Amino acid sequence: NVLVHEVEKLEDVDGGRGTWIVVPRAAAKGHVVHKSKIVFKLKTDAQRKFDKRKARFVVIGTRMLKNRDYLEKFTQGAAFGSIKMTLCVVVHLKWIRFRIDVVDAFPQTDIEREIFLELPKGPFDFATESNPDPIGLCRANLYGTPPAPRTFTTQFHNHLITHCELKPGVMDNRVYCKGDNSDGVKIAGYMDEVFGGASSIQRADWLIAKIKDRWPITVEFEWGTVLGFSADVTKDNYLHFGTLKYAREIKDRFLQGESKPSRSAASRESITKLASEKAPEIGSDEEKANKFVQSEALALNGAITHLSRGRPDIAIDSALCAQHVSRATPATLEHLKEIARYVWATEDVVTRHVGPYCSSLELCPQKEPVRPYDLDRRIEFGLYNICDSNLAKPTDSVPGSKSMGGLAIMFAG
């Protein structure tokens, strides 16, 4: 039923979105007919509990070439530091929190070039007497077409600015705001998700209605997960970022069959020795034998790099390994797995931001961050003042502000 519903949504019949139209194979003369497949996935929440089953019809884009099948491919979205900063501001202002997810974002965006694809297999029969060997001609993006993230986010960005009249940020133009700290909205967008808050339910409803004018959306008045990290606000108004779900996903993918280790720290001593290791000669038998290792190392390094955004304790180790991933050896992969084991052992770690006594959190209006050597400037607000300058009492120690200081450095960076 999930599969049939997914395909019916995309078809050009009975109210479907018309993502493709059925054409005879002869219509693709001179073009590549790309393969397609159905991807099934179990979705989980921040605690890795079952959420829903999902089926998605995707194009296999490995044979697509730039300038033939598409113009450009890249993802436009707010930096993770900008998203965290936006959430911190919302918590600090004690605004209503919400998360908006655009439903089937890519198939609702016009495609740049003609793309032909094989139609989905299964309980479907697209063949007719007049068209015994049918294929599909895409009229909109599908998941798997390389330019889909860029074309959707560009249209979504333009909609927020022109139709919703939001102002993009100076340092990150995927952060948007309208109004002021007493009456307004502040959001950060990444792909088809929006995280932010509003000063009142009326403001939140206004933005939701504006986005609904163009796209079907789902709305939750809580953040839940943010790019794989849990984001919870405690009763005493602290913002907690947790990495349990993401750490478990890394464990399931790269540490299968292992038992949970006990680690007090990542194996940094062994990681620092990577600099002295020599990669095998290009084209040698040893390098050819390392192809699988290199593929695994690239995938694990990408996962750990994203994880390090929410786990500063592995940032140095991740950076050291990343320098060797382009020509990874078995030792490189093992060092990356050491980081993954440490993360698994400390999967319940959370980082805390914005306490109840924070009274100086402001977004910096300057186009450039304030630098330590700008001694002639009087800093009254901005990146350095997002640390809680008014501690609860004079005896409070500076280390109590470490998490906010780390956020300031990351956001400036």
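We count residues from 1, following the sequence as given. Since this is a predicted model, take the numbers as computed values, not measurements.
For Thr151 (side chain) and Pro147 (main-chain N/O), a donor-acceptor pair under 3.5 Å exists by modelled atom type. Looking only at distances, a side-chain donor or acceptor of Thr162 sits under 3.5 Å from a matching main-chain atom of Asn158. Without hydrogens or angle criteria, His335 side chain to Asp317 main chain gives no donor-acceptor distance under 3.5 Å.
For the salt bridge (Lys or Arg N to Asp or Glu O under 4.0 Å) with Glu347, the lone residue among Lys245, Lys251, Lys260 that qualifies is Lys260.
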Practice task
Using the side chain to side chain contact (heavy atoms under 4.5 Å, CB included) rule, take Glu220 and Asp101 through it: C-alpha gap first, then chi angles, then the decisive distance, then the call.
Solution key: CA-CA 9 Å; Glu220 296 179 19; Asp101 192 355; over 6 Å; no
Practice task
Apply side chain to side chain contact (heavy atoms under 4.5 Å, CB included) to Val23 and Ile135, showing your working.
Solution key: CA-CA 6 Å; Val23 297; Ile135 57 173; 3.7 Å; yes
Handout entry: Steps toward side chain to side chain contact (heavy atoms under 4.5 Å, CB included) verdict (Trp223, Val90)
Key = CA-CA 11 Å; Trp223 293 320; Val90 171; 3.8 Å; yes
Exercise for the section: May I have the step-by-step check of side chain to side chain contact (heavy atoms under 4.5 Å, CB included) for Ile115 and Val32, ending in yes or no? Expected result: CA-CA 8 Å; Ile115 291 181; Val32 176; over 6 Å; no
Exercise for the section: Under the side-chain hydrogen bond (donor to acceptor under 3.5 Å, both in side chains) rule, what do Thr332 and Thr329 come out as? Steps first, then yes or no, please. Expected result: CA-CA 5 Å; Thr332 307; Thr329 63; 3.2 Å; yes
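Between Ile187 and Leu166, the closest side-chain pair of non-hydrogen atoms falls below 4.5 Å. The shortest side-chain heavy-atom distance between Val91 and Tyr238 does not fall under the 4.5 Å cut-off. Between Trp95 and Arg203 there is no side-chain heavy-atom pair separated by less than 4.5 Å. Taking 4.5 Å as the limit, every side-chain heavy atom of Arg174 sits out of range of all side-chain heavy atoms of Met191. For the pair Trp20/Val59, no side-chain contact is recorded, criterion being any heavy-atom separation below 4.5 Å from C-beta on. Contact annotation: the side chain of Ile60 never approaches that of His34 to less than 4.5 Å [non-hydrogen atoms, C-beta and beyond]. Side-chain contact between Phe156 and Val194 is present, with at least one heavy-atom pair separated by less than 4.5 Å. Side-chain contact between Leu227 and His306 is present, with heavy atoms from C-beta onward closer than 4.5 Å.
For the atom pair CE (Met85) and NZ (Lys186), the distance works out to 10.0 Å, reported to the nearest 0.5 Å. From Lys37, atom NZ reaches atom CG of Leu117 across 14.0 Å, with rounding to the nearest 0.5 Å. For the atom pair OH of Tyr246 and OG1 of Thr225, the computed distance is 12.5 Å after rounding to the nearest 0.5 Å. Interatomic distance, Gln294 CD to Asn301 CG, rounded to the nearest 0.5 Å: 13.0 Å. For the atom pair Asp205 CG and Lys212 NZ, the distance stands at 9.0 Å (nearest 0.5 Å). With values rounded to the nearest 0.5 angstrom, Phe221 atom CZ is found 7.0 Å from Ile96 atom CD1.
A 6.0 Å sphere centred on CZ of Phe254 holds more than 12 heavy atoms belonging to other residues, nucleotides or ligands.
Scanning all heavy atoms of the two residues, the minimum distance from Ala297 to Ala328 falls at CB-CB, 3.5 Å. Residues Asp172 and Ala79 come closest through the heavy atom pair OD2-N, 3.0 Å. Minimum heavy-atom separation, Leu300 to Ala340: CD1-CB, 4.4 Å. The shortest heavy-atom contact between Asp192 and Ala105 is CB-CB, 3.6 Å. Arg352 and Asp236 get closest at one heavy-atom pair: NH2-OD2, 4.0 Å. In plain terms, the two heavy atoms of Cys321 and Leu336 that are nearest each other are CB-CD2, 3.6 Å.
With hydrogens and angles left out, the side-chain atoms of Ser199 and Asp183 include a donor and acceptor closer than 3.5 Å. Thr305 and Ser308 form no side-chain donor-acceptor contact under 3.5 Å, judged by distance and modelled atom types alone.
The cationic atom of Arg311 (NZ for Lys, CZ for Arg) lies less than 6.0 Å from the six-membered ring centre of Tyr342 and within 45° of the ring axis.
Comment: Glu258 engages Arg341 in a salt bridge, judged by a side-chain N to carboxylate O separation of less than 4.0 angstrom. Using a 4.0 Å cut-off between charged side-chain N and carboxylate O, Glu118 and Lys35 make no salt bridge.
With sequence neighbours excluded, the residues forming a salt bridge (charged side-chain N to carboxylate O under 4.0 Å, His left out) with Lys178 are Glu165, listed by chain and number. Qualifying side-chain contact (heavy atoms from CB on, under 4.5 Å) partners for Val293, counting only residues two or more places apart in sequence or in other chains: Asn290, Pro330, Leu333.
Between Trp215 and Phe152, the ring planes lie perpendicular to each other; the angle is over 60°, past the 30° to 60° tilted range.
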